[in-house]
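Worksheet: the structure to be examined is printed underneath.
Naming convention: chains lettered A, B, ... in sequence-line order (proteins, then strands); numbering from 1 in each chain. Scope of the values below: all heavy atoms of this structure, side chains included, with no hydrogens, waters or symmetry mates. The shown structure was predicted, so the numbers you read here are calculated from the model rather than taken from an experiment.
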Amino acid sequence: MYKILSKRDLTDITKLFVVDAPFVARKAEPGQFVIVRVREEGERVPLTIADFDRGKGTVTVVIQEVGLTSKLINQLKPGDSFQDFVGPLGKPCPIEESGTVVLAGGGFGVAPVYPIAKKMKAEGKVHIVSIIGARTKDLLILEPEMRSVSDELIIITDDGSYGRKAFPTDIIKEMREKGTKIDRVIAIGPMVMMRAVANLTKTLGLPTYVSADPIMVDGTGMCGACRLTVGGKVKFACVDGPILDGHQVDFEEAIRRGKMYATEQKTALDHHHECQCGGGH
Amino acid sequence: MPPIKPRHAMPSQDPEQRRRNFEEVATGYLEPLALGESSRCLTCPKPGCYTGCPVNVNIKDFVALVKEGKYLDAYKKIKETNSLPAVCGRVCPQEEQCEKFCLIGKRNEPVAVGRLERFVADWAMEHGVEPEKPAPNGHKVAVVGSGPAGLTCAGDLAMKGYKVTVFEALHKAGGVLIYGIPEFRLPKRIVAAEVKNLEKLGVEIITNVVVGKSVTLDDLFADGYEAIFVGTGAGLPKFMGVPGETLNGVFSANEYLTRTNLMKAYLFPEYDTPIKHGKKVAVVGAGNVAMDCVRSALRHGADDAFVVYRRTEHEMTARKEEFEHAIEEGVVFHWLTNPVRVIGDENGWVKGLECVKMELGEPDESGRRRPVEVKGSNFVMDCDMVVVALGTSPNPLLSQTTPGLKTEKWGGLIVEEETNATTREGVYAGGDAVTGSATVILAMGAGKKAAKAIDEYIQKKSK
Ligand SMILES: Cc1cc2nc3c(=O)[nH]c(=O)nc-3n(C[C@H](O)[C@H](O)[C@H](O)COP(=O)(O)OP(=O)(O)OC[C@H]3O[C@@H](n4cnc5c(N)ncnc54)[C@H](O)[C@@H]3O)c2cc1C
Ligand code: FES
């Protein structure tokens, strides 16, 4: 069992957990993920590593509530445990050696951006411009943490309730118009956000990484549930990714595959509610 | 010679009923049947059966003990060379091994060795027979992967007094026995009981450790393990490589079976992992894995579940019993049929499988006649789900992260024939990781051989 040492509410629906997982912490790198199960009947779901401390043997993950499993995880309290917590899985995010890097994090996608920024900052070889955003002010996360590891921090919201009312694409366009040389863009967030950034940077010729979050089962290359098309070839996101060349990813397909179990997700939630209200069994 | 009685049929659930449930198909011999079947054995002075067994179970003696009703002794006899009898009795291809060499089998049906093995193993389980824990010898060995190869190697070393730790990537031990082979063929409680037996021998099993990611082989040596056995199986699924394979509703056999077995999706929503319930399910391939998929599809409620295979019944690799069970359950087989494209609807879900007809040509490297496409014979089969069961190859995850561990081009680890030693000192390997997808018993045989070699290696080194 993998004990939760502390928990923080980042928003009403987004929680941060620090978990005792020395095996994972020992080898974790930014960009990698873990697979967790919340209980014996639980499904295996991937969570991107949001931070780690090798000395203390802890790994931080951030979960936003969408379906049943994320709901169950968010109900866990300090002292509770994850049933299973395995990793680090996937390839680490390559860390740039020089130039200017734009890190765009959208929604709870800011969480996986943080360790990448932290490592780049520690190595001190690049100029880090972070653009962090959310739909609205209440959903913005990890602002102080991101500020501490960025050379410039730009905050945006879709509705303008905090920071600038803009999309990450607007900011990247502006930077280019002002003549800022950008050597690498890393965009992590909802698929549509990553697609928009990748489409733009492709026309601008800016190398771009995105972090794919497909449905997974094992996370070790065994099942192919996570497959997506990258540059016309089928790849397994769990072993070939999750960090992938944003200009090569077939986002349409990835979005479609991501919705494969939409009906079942609802069934699972309804079943859970029925059981909780004593309506079931 | 007195006339030979006919072989005793295996009591089974009725096909009409069982095609819709996940309970075990074959319910097993009860005592009278076991006594009856064992009495068919001629106790040949020079038995052939045992030469057909990859781990050389002393079949003649154990069957003779069953005849006398000495089930505990029969169990001990089997356990001398086979650490997972309840599993082997259920899933070994006996018709190609022990039973193939049975003298009675020359004229009549051979003695049902597998069924008797299962009877004895189940008897021992019901009667709570416990293994005796040997005295520790002070040496530490790590085993990577908890499939039949890893478990056998761990068991054999533990019996010699080694402190064995098994590292498993998934959250449950058993390898294919737990994630691949379905409940209706191999109940998971059986696998769990065999794993428990190993733990009682002193074997420690640590799940959720992906060796190569969470720890490397070098880390394990640094932690004081004196030798390592790699039994990581062949978990990398092959796809067809035809257009439309990423449509919604196309699954690898591994995904379909893992959701069903390891994650218990057939109990959704009591269990949280969902699975798609295809109404018309096409399964591509005709090995044991394909049989498991197509029969699972029926149990998940499919109206039609059919097999598409580019060769014929004679070339297929499934166990005979599984094929017969599938037919009884209403599975339809389309031989000499090869998929060329998966067709999707406007929302990207599978709605058909375009195939071509094949005919058999000259024999290929495997000795089986090579299927050749019949030009212009394309046609479309309606289906809303496609499961690809074309085999698997070894997962490169470990070899990629281990310097000095050499593999064949297709991914199999290279080992020495006699010892199963890899190209890295102190590292041994066996099972599907070396051979590619094979059988439970061959994996066990390799685990045994490696255990012996590891013992010799460590004893020699510590002298
Ligand atoms: C659906 C299906 C049905 C089958 N039916 C039959 C049958 O009826 N009869 C028969 O004889 N054979 C059958 N087989 C074949 C048989 O199951 C295999 O040949 C056998 O299980 C191989 O054993 P193994 O120990 O080599 O590997 P596996 O059983 O594959 O076990 C390997 C284990 O290693 C783990 N692992 C992999 N990589 C790592 C890593 N890096 N770190 C830690 N752990 C790792 C895996 O998670 C897995 O648990 C079937 C196979 C399948 C898939
Ligand atoms: S999650 Fe199974 S192969 Fe990637």
Expected output: side-chain Lys276(B) to main-chain Met260(A) donor-acceptor under 3.5 Å: yes
- request: Test Met222(A) against Thr258(B) for side-chain contact (heavy atoms from CB on, under 4.5 Å), laying out the working first.
  value: CA-CA 9 Å; Met222(A) 189 189 90; Thr258(B) 302; 3.3 Å; yes
- request: Determine whether more than 12 heavy atoms belonging to other residues, nucleotides or ligands lie under 6.0 Å from atom NZ of Lys351(B).
  value: no
- line: Greatest number of non-hydrogen atom pairs under 4.5 angstrom with chain B, of Lys259(A), Arg39(A), Arg227(A), Arg257(A), falls to Arg227(A)
task: Name the region of Leu269(A), side chain, backbone, both or neither, that has any atom closer than 4.5 Å to a heavy atom of chain B.
output: neither
- prompt: Stepwise, does the side-chain contact (heavy atoms from CB on, under 4.5 Å) test hold for Asp250(A) with Thr246(B)?
  reply: CA-CA 11 Å; Asp250(A) 182 340; Thr246(B) 51; over 6 Å; no
query: Are any non-hydrogen side-chain atoms of His171(B) and Arg37(A) less than 4.5 angstrom apart?
result: yes
query: Would you find a donor on one side and an acceptor on the other, under 3.5 Å apart, between the side chain of Asn248(B) and the backbone of Arg256(A)?
result: yes
query: Do the ring planes of Tyr261(A) and Phe251(B) sit parallel (below 30°), tilted (30 to 60°) or perpendicular (above 60°)?
result: tilted
field: Residue part contacting chain A, namely of Leu267(B), when any heavy atom lies under 4.5 Å
entry: neither
- prompt: Do other residues, nucleotides or ligands put more than 12 heavy atoms under 6.0 Å from Lys196(B) NZ?
  reply: no
Glu264(A) side chain reached by Pro269(B) side chain, heavy atoms, under 4.5 Å: no
Spatial distance of atom CG (Asn254(B)) from atom CG (Asp218(A)) [nearest 0.5 Å]: 8.0 Å
task: Report the C-alpha separation of Tyr2(A) and Asn208(B) in whole Å, then their side-chain angles, then the decisive distance to 0.1 Å, and conclude whether the side-chain hydrogen bond (donor to acceptor under 3.5 Å, both in side chains) test is met.
output: CA-CA 11 Å; Tyr2(A) 305 80; Asn208(B) 294 329; 3.3 Å; yes
query: Looking at Ala225(A), Ala268(A), Ala25(A), which makes the most heavy-atom pairs under 4.5 Å with chain B?
result: Ala225(A)
message: Is it true that, when you exclude Asp12(A) itself, more than 12 heavy atoms of the residues, nucleotides or ligands shown sit nearer than 6.0 Å to its CG?
response: no
message: Please classify the contact of Val250(B) with chain A as side chain, backbone, both or neither, using a heavy-atom distance under 4.5 Å.
response: both
- prompt: By a 4.5 Å heavy-atom criterion (distance strictly below it), what part of Asp219(B) contacts chain A: side chain, backbone, both, or neither?
  reply: side chain
message: At a heavy-atom distance under 4.5 Å, which candidate from Ile35(A), Leu68(A), Thr220(A), Thr267(A) has the highest pair count against chain B?
response: Thr220(A)
- prompt: In Å and rounded to the nearest 0.5 Å, what is the CZ to CG distance from Arg44(A) to Leu262(B)?
  reply: 6.5 Å
Any side-chain heavy-atom pair of His271(A) and Glu270(B) under 4.5 Å: yes
Main-chain N/O of Val24(A) paired to Lys213(B) side chain as donor or acceptor, under 3.5 Å: no
Residue part contacting chain A, namely of Asn395(B), when any heavy atom lies under 4.5 Å: side chain
task: Tell me, for Leu236(B) versus chain A, whether the close heavy atoms (under 4.5 Å) come from the side chain, the backbone, both or neither.
output: both
field: Which portion of Lys238(B) sits near chain A, non-hydrogen atoms under 4.5 angstrom
entry: neither
message: Can you confirm whether more than 12 heavy atoms, excluding those of Lys3(A), are under 6.0 Å from its NZ atom?
response: no
field: Over all atoms of both residues, closest heavy-atom pair of Pro237(B) and Gly224(A)
entry: CG-N, 4.4 Å
message: Would you say NZ of Lys56(A) has more than 12 non-hydrogen atoms from neighbouring residues, nucleotides or ligands within 6.0 angstrom?
response: no
- prompt: Looking at Thr273(B), Leu257(B), Thr392(B), which one has more heavy-atom pairs under 4.5 Å with chain A than the rest?
  reply: Thr273(B)
- request: Can you tell which part of Tyr179(B) gets under 4.5 Å to a heavy atom of chain A, answering side chain, backbone, both or neither?
  value: side chain
Segment of Glu40(A) engaging chain B (4.5 angstrom heavy-atom cut-off): both
- prompt: Given the options Ala265(B), Ser214(B), Ala169(B), Ser252(B), which has more heavy-atom pairs under 4.5 Å with chain A than any of the others?
  reply: Ser214(B)
message: One pair to check against salt bridge (Lys or Arg N to Asp or Glu O under 4.0 Å): Lys264(B) and Glu41(A). What are the steps and the verdict?
response: CA-CA 8 Å; Lys264(B) 301 211 186 309; Glu41(A) 300 82 13; over 6 Å; no
